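Fair warning: this is a prediction, and the values are worked out from it, not measured in the lab. What you see below is based on every heavy atom in this structure, not just the backbone, and it leaves out hydrogens, waters and symmetry mates. Below, chain A is the first sequence line, B the second, and so on; all start at residue 1.
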Amino acid sequence: MEQSSNFIRTIIKQDLETGKRDHVITRFPPEPNGYLHIGHAKSIVINFGLADDFGGKTNLRFDDTNPLKEDQEYVDSIKEDVSWLGYEWDELHYASNYFDEMYDRAVLLINKGLAYVDDLSADEIREYRGTLTEPGKESPHRSRSAEENLDLFERMKKGEFADGSKVLRAKIDMASPNLNLRDPVLYRVSHATHHNTGDTWCIYPMYDFAHPLEDAIEGVTHSLCTTEFEDHRPLYEWVVRECEMDMQPQQIEFGRLNITNTVMSKRKLKQLVDEQHVDGWDDPRLPTISGMRRRGFTAEAIREFVKETGVSKGSGVVDSAMLDHFVREDLKLKAPRTMGVLRPLKLVITNYPEGEMEWLDAEINPENPEMGTRQIPFSREIYIEQEDFMEEPPKKYFRLFPGNEVRLKHAYFVKCEDFIKDEDGNVVEIHCTYDPRTKSGSDFNERKVKGTIHWVDATHAVPAEFRLYEPLILDSEEEDEEKTFLDYVNEKSLETLNGFIEPNLQNIDAQEKLQFFRHGYFNVDPKHSKPGKPVFNRIVSLKSSFRL
RNA sequence: UGGGCUAUAGCCAAGCGGUAAGGCAACGGACUUUGACUCCGUCAUGCGAAGGUUCGAAUCCUUCUAGCCCAGCCA
């Protein structure tokens, strides 16, 4: 596929052409404090994709500098998700493996008079920082001697001070219009057990100090991140320069991915999970990689979607219809096409001999003949879709109604002769006659029908559960300061139906994807599907220009 | 009201002084044993606005407007 140009690709290309760089190394640096979502997938596709395009390499690096929030469980799931998305990292690293070197660099800063130990409390530091429009003021501890700072910092490391009692700060400029440069905290005391280093450390580096060092240590040439870090770039460069690292990685920022009718922040996703609006991090309605995988989205579709939405610095919102498009596109030739009735209505073919049945040949995917054919049973009683019959049809309704004839996919023409209602007035059974001459595959062409409907033979039908999803977040009209995203949670985002499928699907494997004729693409739910009683998640419906 | 960033169609997005790519959506039409797919066609005299420079401006300059991000010992 033709690679569309984007500003980062242009920069890298130039760097290579001008000789600024002679190779490319990128990295995907997640913090193992939660599950990956499709926003991370964008970062993954960009980092791995770009490096690959230029013959470079990409590392997976866990940015594990805050033991309070991180856990091995997350590093495992992140690795799984990156692999599932189809990428192989060159080197696997942990920021925590660099703690010794980071400590040494901090000592260097102290010796250069560029860092100091501060005794101010968190609240005081905030007050001293000033505001967006007013400069901050210097801490009374700012002018401690290097010797004193060295001593204090070493004692911080040894565990002599309580959490929050002391921090190491960079000495930059308390009056900078960029708040990140107002003597940012470099190290904090935290007597916490780290998932990787255990209790070796009780001081941990902050992101702004750690990240540039990690990149420089690994020789990352292009450090790609999202736009909210733009303000941090001067600090990033300050750290690499003043810590006298051998090479200077270049930080480049791109806009986050947003998609309509969903939420992308870890905080909001966590809230949806914690408050049980959804059923866990892998709920098929969530944009988490695990949720999308369970819903049935393919890695290929996610990758293509991300590529097509592009890379820019803008903060736009991509229409979820584009995501839908790429799954349909990917599954079109791969997924078997079969018949499933989600809302069953019995249909009796009155002129089909009782007790008889036949096996019909049916192609598995007419757009991909190599997938072959299957046999499906047919007899006097079948199930059709409730919405495929109307007692009083509107104009341009091509399906069944009294006197109308339709084609049963892979079978015969049937004509509606009668129907039965229950006491409540609901249609419960349709009576039709069929024309044996119209069998699928025959050359019958004496008359045509406008509609073709799907069905499942009643005596062989296998019960199945279907789960249909709607957007988790409803459209919000005008902005309302009073409301939060929780006010727009769609409480009807999941609809569960019980219907029937063809018998050959009875023991279908988890994560198998298929198209139910005229409905859409479905995935076999890995958690709740069982042999003999499959559960299907609708990934996406088919497009439809039909409107009642 | 300090700093950083962004404005190209309903949405995403190319374009980098030579006369507005592409994708999604939408809308016509053809085909159709999926109201699907496929195919054909339509969809910015216009690039946030107003000035200016130039033979020529989405691209350069000026001013304005709107939106996003920043005051964690989170990343």
Novice: Identify, between A/Ser442 and A/Gly164, the residue whose nearest nucleotide on RNA chain B lies closer to the 5' end.
Specialist: A/Ser442

Novice: Rounded to whole angstrom units, what separation is found between the CZ atom of A/Phe378 and the P atom of B/U33?
Specialist: 18 Å

Novice: Between B/G18 and B/G10, how many Å separate the two P atoms, rounded to a whole number?
Specialist: 27 Å

Novice: Spell out yes or no: do the side chain of A/Asp231 and the base of B/G3 have one donor N/O and one acceptor N/O closer than 3.5 Å?
Specialist: yes

Novice: The criterion is side chain to side chain contact (heavy atoms under 4.5 Å, CB included); which residues satisfy it with A/Lys543, sequence neighbours excluded?
Specialist: A/Arg328

Novice: Rounded to the nearest angstrom, tell me the gap between atom CZ in A/Phe326 and atom P in B/G22.
Specialist: 15 Å

Novice: Heavy-atom contacts under 4.0 Å between residues 61-74 of chain A and RNA chain B, which residues?
Specialist: A/Asp63, A/Thr65, A/Asn66, A/Lys69

Novice: Applying a 4.0 Å non-hydrogen cut-off, can you work out what A/Arg129 is touching in the nucleic acid: base, sugar-phosphate, or nothing?
Specialist: sugar-phosphate

Novice: When you compare the side chains of A/Glu230 and A/Thr227, does any donor N or O come within less than 3.5 Å of an acceptor on the partner?
Specialist: no

Novice: Is B/A20 paired to anything, Watson-Crick or G-U wobble with both distances less than 3.5 Å, and if yes, which nucleotide?
Specialist: none

Novice: At 4.0 Å (heavy atoms only), tell me whether A/His232 reaches a base, stays on the sugar-phosphate, or touches nothing.
Specialist: base

Novice: Measure the spacing between NE2 of A/His211 and CZ of A/Phe209 and express it to the nearest 0.5 Å.
Specialist: 14.0 Å

Novice: Mind checking what makes side chain to side chain contact (heavy atoms under 4.5 Å, CB included) contact with A/Ile364, not counting sequence neighbours?
Specialist: A/Pro336, A/Met371, A/Arg374

Novice: Which part of the nucleic acid, if any, lies within reach of A/Gly441 when heavy atoms closer than 4.0 Å are counted: base, sugar-phosphate only, or nothing?
Specialist: base

Novice: Excluding sequence neighbours, so at least two apart, what forms side-chain hydrogen bond (donor to acceptor under 3.5 Å, both in side chains) with A/Glu446?
Specialist: A/Arg437

Novice: Show the atom names and distances, to 0.1 Å, of all donor-acceptor pairs under 3.5 Å that link a side chain in residues 316-325 of chain A to residues at least two apart or in another chain.
Specialist:
from, atom 1, to, atom 2, distance (Å)
A/Asp319, OD1, A/Ala321, N, 2.9
A/Ser320, OG, A/Thr260, OG1, 3.4

Novice: By side chain to side chain contact (heavy atoms under 4.5 Å, CB included), which residues pair with A/Asp231, not counting sequence neighbours?
Specialist: A/Asn178, A/Asn180

Novice: Output all residues satisfying side-chain hydrogen bond (donor to acceptor under 3.5 Å, both in side chains) with A/Glu218, sequence neighbours left out; order by chain, then residue number.
Specialist: A/Asn59, A/Arg61, A/Tyr98

Novice: Which part of the nucleic acid, if any, lies within reach of A/His211 when heavy atoms closer than 4.0 Å are counted: base, sugar-phosphate only, or nothing?
Specialist: nothing

Novice: What does the B/S/- profile of nucleotides 9-21 of chain B look like, 5' to 3', with a 4.0 Å heavy-atom cutoff to protein?
Specialist: --SSSSS------

Novice: Using atom C1' in both nucleotides, what's the gap between B/U45 and B/G28 to the nearest angstrom?
Specialist: 24 Å

Novice: Just checking A/Ala122: base, sugar-phosphate only, or nothing, at a heavy-atom cut-off of under 4.0 Å?
Specialist: base

Novice: Quick one: label A/Phe229 by what it contacts on the DNA or RNA (base, sugar-phosphate, nothing), any heavy atom closer than 4.0 Å.
Specialist: base

Novice: Give A/Leu120 one of three labels, base, sugar-phosphate or nothing, depending on what nucleic acid heavy atoms sit under 4.0 Å from its own.
Specialist: base

Novice: May I ask which nucleotide in the shown strands pairs with B/G41, Watson-Crick or G-U wobble, both distances under 3.5 Å?
Specialist: B/C27

Novice: How do A/Asn180 and A/Leu132 order along RNA chain B: which one's closest nucleotide is nearer the 5' end?
Specialist: A/Leu132

Novice: On the 0 to 90° scale, with breaks at 30° and 60°, tag the A/Phe153-A/Tyr103 ring pair as parallel, tilted or perpendicular.
Specialist: parallel

Novice: Could you let me know what B/U32 is paired to, Watson-Crick or G-U wobble, both distances under 3.5 Å, or none if it's on its own?
Specialist: none

Novice: Taking side-chain hydrogen bond (donor to acceptor under 3.5 Å, both in side chains) as the definition, give me every residue that meets it alongside A/Glu127, ordered by chain and number, with sequence neighbours left out.
Specialist: none

Novice: Taking only residues two or more places apart in sequence or in another chain, which ones pass salt bridge (Lys or Arg N to Asp or Glu O under 4.0 Å) with A/Glu138?
Specialist: A/Arg142

Novice: Please determine, for B/C60, whether a Watson-Crick or G-U wobble partner exists with both distances under 3.5 Å, and give it or none.
Specialist: B/G52

Novice: Considering only atom P, compute the distance from B/C16 to B/U1 and round it to an integer number of Å.
Specialist: 34 Å

Novice: Rounded to whole angstrom units, what separation is found between the CG atom of A/Asp173 and the C1' atom of B/G2?
Specialist: 13 Å

Novice: Is the distance between the ring centroids of A/His519 and A/His454 under 6.0 Å?
Specialist: yes

Novice: Heavy atoms from C-beta onward define the side chain here; which of B/G3, B/U33, B/A71 lies closest to that of A/Arg126?
Specialist: B/A71

Novice: In the structure shown, which nucleotide is the Watson-Crick or G-U wobble counterpart of B/G15, with both distances under 3.5 Å?
Specialist: B/U8

Novice: Using Watson-Crick or G-U wobble geometry with both distances under 3.5 Å, which nucleotide pairs with B/A75?
Specialist: none

Novice: With a cut-off of less than 4.0 Å, is there a side-chain N or O of A/His325 near OP1 or OP2 of B/C24?
Specialist: yes

Novice: Using the P atom as the reference point in each nucleotide, state the distance between B/A7 and B/G52 in Å, no decimals.
Specialist: 25 Å

Novice: A/Lys79: what forms a side-chain hydrogen bond (donor to acceptor under 3.5 Å, both in side chains) with it, not counting sequence neighbours?
Specialist: none

Novice: Rounded to the nearest Å, what distance is computed from the CG atom of residue A/Leu224 to the C1' atom of nucleotide B/A75?
Specialist: 16 Å

Novice: Going by the angle between their ring planes, with limits at 30° and 60°, are A/Trp455 and A/Phe378 parallel, tilted or perpendicular?
Specialist: perpendicular

Novice: Does B/G72 have its OP1 or OP2 closer than 4.0 Å to a side-chain nitrogen or oxygen of A/Arg169?
Specialist: no

Novice: Nearest-Å distance, NE2 (A/His454) to P (B/U33)?
Specialist: 18 Å

Novice: Ring-plane angle category for A/Phe229 and A/Tyr207, please: parallel below 30°, perpendicular beyond 60°, tilted otherwise.
Specialist: tilted

Novice: Contact class for A/Ile453 (heavy atom, under 4.0 Å): base, sugar-phosphate, or nothing?
Specialist: nothing

Novice: Quickly work out the A/Arg182 CZ to B/G2 P distance and round it to whole Å.
Specialist: 13 Å

Novice: Would you give a per-nucleotide map of nucleotides 35-44 of chain B, 5' to 3', where B means the base has a protein non-hydrogen atom under 4.0 Å away, S means only the sugar-phosphate does, and - means neither?
Specialist: BBSS------

Novice: Without decimals, in angstroms, what is the distance between A/Leu168 CG and B/C73 P?
Specialist: 13 Å

Novice: Take the protein atom CD of A/Glu304 and the nucleotide atom P of B/G22, then report the distance between them rounded to whole Å.
Specialist: 18 Å

